[in-house]
Amino acid sequence: MVASKPTTPHVMPMISSPFSSPAAEPPYLANLNEVQLAAVKATEGPVLVLAGAGTGKTRVLTTRLSHILYQNKAFPSQILAVTFTNKAAGEMRTRVSSLLGDQPVEGWWLGTFHALAARMLRRNADLVGLTSDFTILDDDDQMRVLKQIAEAEGIDVKKSPPKLLLALISRWKDRGMRPQDVGRDEGGLAADGKLATIYAAYQNRLRTLNACDFGDLLLHMLTIFRDPANQDVLSGYRNRFRYILVDEYQDTNVAQYMWLRLLAQRDNDDTPPNICCVGDDDQSIYGWRGAEVGNILRFERDFPGAVIIRLEQNYRSTQSILAAASGVIAHNQGRLGKTLWSQGDMGEKVRVRLLWDSDAEARVISDDIEAQRRQGRPLSDMAVLVRAGFQMRAFEERFVQIGLPYRVIGGPRFYERQEIRDALAYFRVVMQPADDLALERIINTPKRGIGDSALQNLHFLARARSLSLHDALQDAMIDSTTRPAVRAAFGQMANNFARWRGLLGTMPHTELAAQILDESGYTAMWQADKTPEAPGRLENLRELVNGMAEFESLPAFLEHVALVMENNAQNANQDAVTIMTLHGAKGLEFGSVYLPGWEDGLFPSQRAMDENGITGLEEERRLAYVGLTRARHIAMITSVANRRTYGNWVQAVPSRFIDELPKGVIDYVSELRPASSIRPSAPQWSLSGFANSQSSSSPATPQYVAGQHIRHDSFGDGRIVHVSGQKLDILFEDGSQRRVMAGFVEPLDSA
Ligand code: ATP
Ligand code: MG
């Protein structure tokens, strides 16, 4: 998302009113209830619409935008409208033009915080030492710059990887903090305590490069606005934007909030600003990325005289779905609390299915999607919303297998992820040594000191002797023009590949795959990586190996992957099911919503709970609320008893959120057969580099009480903090607290 170059200020003709009589109510107001209508018409002064999911907040915002234009209260270029995603901005654009009778509306300031700030910065770049054609760096570029700086500072980039430093610096930027606002030791232990110094050097370097990163877009604008020397710039925008509208206000971070406040205030004037923010504290799900739900709670204080409007009628979901969502979110403390009702049908109950494993889960969900499709519902009205990216694989596999078109939104498809492509490249070279592209991809991943010139040299050798790159490795090992270190690296690669190839057919292919990832150092590379994405990447790698178990050999698996990729390309314009994360689904709605993986540890996520305790758990619960409230008619939650993770079957416990669903509105079916009869045999391999866990089943389960010490096969020793039936909350010695089934622990002492 890079904003276009500055254009000359846009002058738009006023929207022509198709109604001669001003008394006539414009048609777009007809589809609103009384309270919504009031929110739309209260165009002057600060307004906060604080309301639950599906109550029409976005509809109010869109209609309000149309109303301001239609009433000739402002030119499109005088309205600042902030949406959460580019997709939402596009939708709003279409909705407003269609409300206004398909008139194209141009020149307006409608988009995400980033897009809008980029546009402003292009016009004022000189004030922060940039020129208007500055570059916006992508992740890779940022990382390269940071790495150089860290190395120049003598930092060990293995211990403090650039990605981690970048994440920490971004958090400062989210909070509106420039290098001069950061105390010397605020960076804690990261980068040997020198994070603040690195931050300053990084900002200087970006300026020399005439570049900025995404966080800078807002940060630079804040710097400009706060400098008394630039008051004319700030006044210019203040006078320009007569109306400000913001969607999903609960997820704004501090920098965004400050930017909005600066723009909304008036120069030497007490007239309250015309700002309208809409949001729902129960849907704040980006705390981990710096969002501050407090912003919504202090609106009244920030904008005295603000009108607070509460919408209570939900138009989206059936009563059952609404009751289920409300029942779950009621377990959060410290919420504002809202009434939410629906005139809609009771609808069918929210389906909760307890299933055997993730294959059964993908099957049950795809069967239901096909059944809906036979009843004439479009696939585009159905979505599978997952908590973690790795969950997507089972669905993608299943959909490809049965020929159901699908689309992955907001992220790469499973097999297109960086770590998956890397792993596949290793497997491809093992199977097909002539696959130069694959070899090139991983020749220096993880880093083995094979730089660009060494690679060029290898290419040269290969061409001269008409060999593949792989076969040229052998020649390069004895080539005197190649540096000894590089020769050694080539030699080790050639040996590894020869050995792995020799193992084909002698051991299960899943085991071999795990061995390749471990011995090549690839697994270790991500284990050493301290960035927030690294754990997810390791999960994806495990899932890759899990998925392979379904195929009889490595070549059969690789052929399958090629088919999946081809299938993806063909699905481009078809009616298709959506697969996306719960986070990405905010603000959207679908007729049928499938919510797989409601198991403790996966959802709520163990990581979120370990890192942020009760705050983390409550953010997870809001995510559950967001997920359920995306559904109009049908919601299906699934939980599996066996998830293959860490290379073994692990017994999973249904999510505590399932227990929190009001019983009257759910249809709970357990499709589990007695465990002994159908327990799948665990694959006889393990990823040595991955944390191993064993699962077992014990026949007679003793009774446990809080305080008792136990041992768990996978998680080690711990103390029971709470018992509810067969579910035990245990504080383990590693500090984690987990919920596990009683059958999976053994007592260490008698209570
Ligand atoms: P979320 O919290 O999920 O962002 P929201 O509050 O923004 O939800 P909208 O997306 O604006 O809600 O509206 C939810 C659904 O209800 C939409 O399909 C919308 O068209 C419909 N809707 C809103 N208001 C009305 C109304 N007055 N009459 C009929 N349908 C309505
Ligand atoms: Mg909305």
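Counting starts at 1 for both ligands and their atoms, in listed order. Count residues from 1 along the sequence.
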Taking [atom] as the reference point, the nearest protein heavy atom with its distance:
atom	result
atom 5 (P) of ligand 1	Lys57 N, 3.4 Å
atom 16 (O) of ligand 1	Tyr315 CB, 3.2 Å
atom 10 (O) of ligand 1	Arg316 NH2, 3.1 Å
atom 11 (O) of ligand 1	Arg59 N, 2.8 Å
atom 24 (N) of ligand 1	Gln36 NE2, 3.0 Å

Specify whether [X] and [Y] have parallel, tilted or perpendicular ring planes, treating 30° as the upper limit for parallel and 60° as the lower limit for perpendicular.
X	Y	answer
Trp288	His583	perpendicular
Trp109	Phe241	perpendicular
Phe84	Tyr286	tilted

Using a 4.0 Å heavy-atom cut-off, which part of [X] comes near ligand 1: side chain, backbone, both, or neither?
X	answer
Thr55	both
Asn31	backbone
Lys586	neither

Relative to the heavy atoms of [X], which atoms of ligand 1 are at a distance of less than 4.0 Å?
X	result
Glu589	14 (C), 15 (C), 17 (C), 18 (O)
Gly587	4 (O)
Arg630	3 (O)
Asn33	27 (N)

Close side-chain approach of Pro596 and Phe395, heavy atoms under 4.5 Å:
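A side-chain contact under 4.5 Å exists here.
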Between CD of Glu619 and CG of Leu617, what distance do you get to the nearest 0.5 Å?
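That separation rounds to 10.5 Å.
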Reference residue [X]; test side chain to side chain donor-acceptor pair (under 3.5 Å); the match among [options]:
X	options	value
Tyr315	Asn33, Asn31, Thr55	Asn33
Asp282	Lys338, Arg621, Arg622	Lys338
Tyr257	Arg298, Glu292, Arg175	Arg298

Is the shortest distance from a heavy atom of Leu32 to ligand 1 less than 4.0 Å?
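In this structure, Leu32 qualifies as a contact of ligand 1 - some heavy atom is under 4.0 Å.
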Just distances here: any N/O of Gly56 and N/O of ligand 1 closer than 3.5 Å?
yes
I want to know if ligand 1 touches Gly54 in the polar sense, i.e. an N/O pair below 3.5 angstrom.
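Checking ligand 1 against Gly54, an N or O pair does fall under 3.5 Å apart.
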The single option from Leu65, Val60, Val278 that satisfies side-chain contact (heavy atoms from CB on, under 4.5 Å) with Leu245 is Leu65
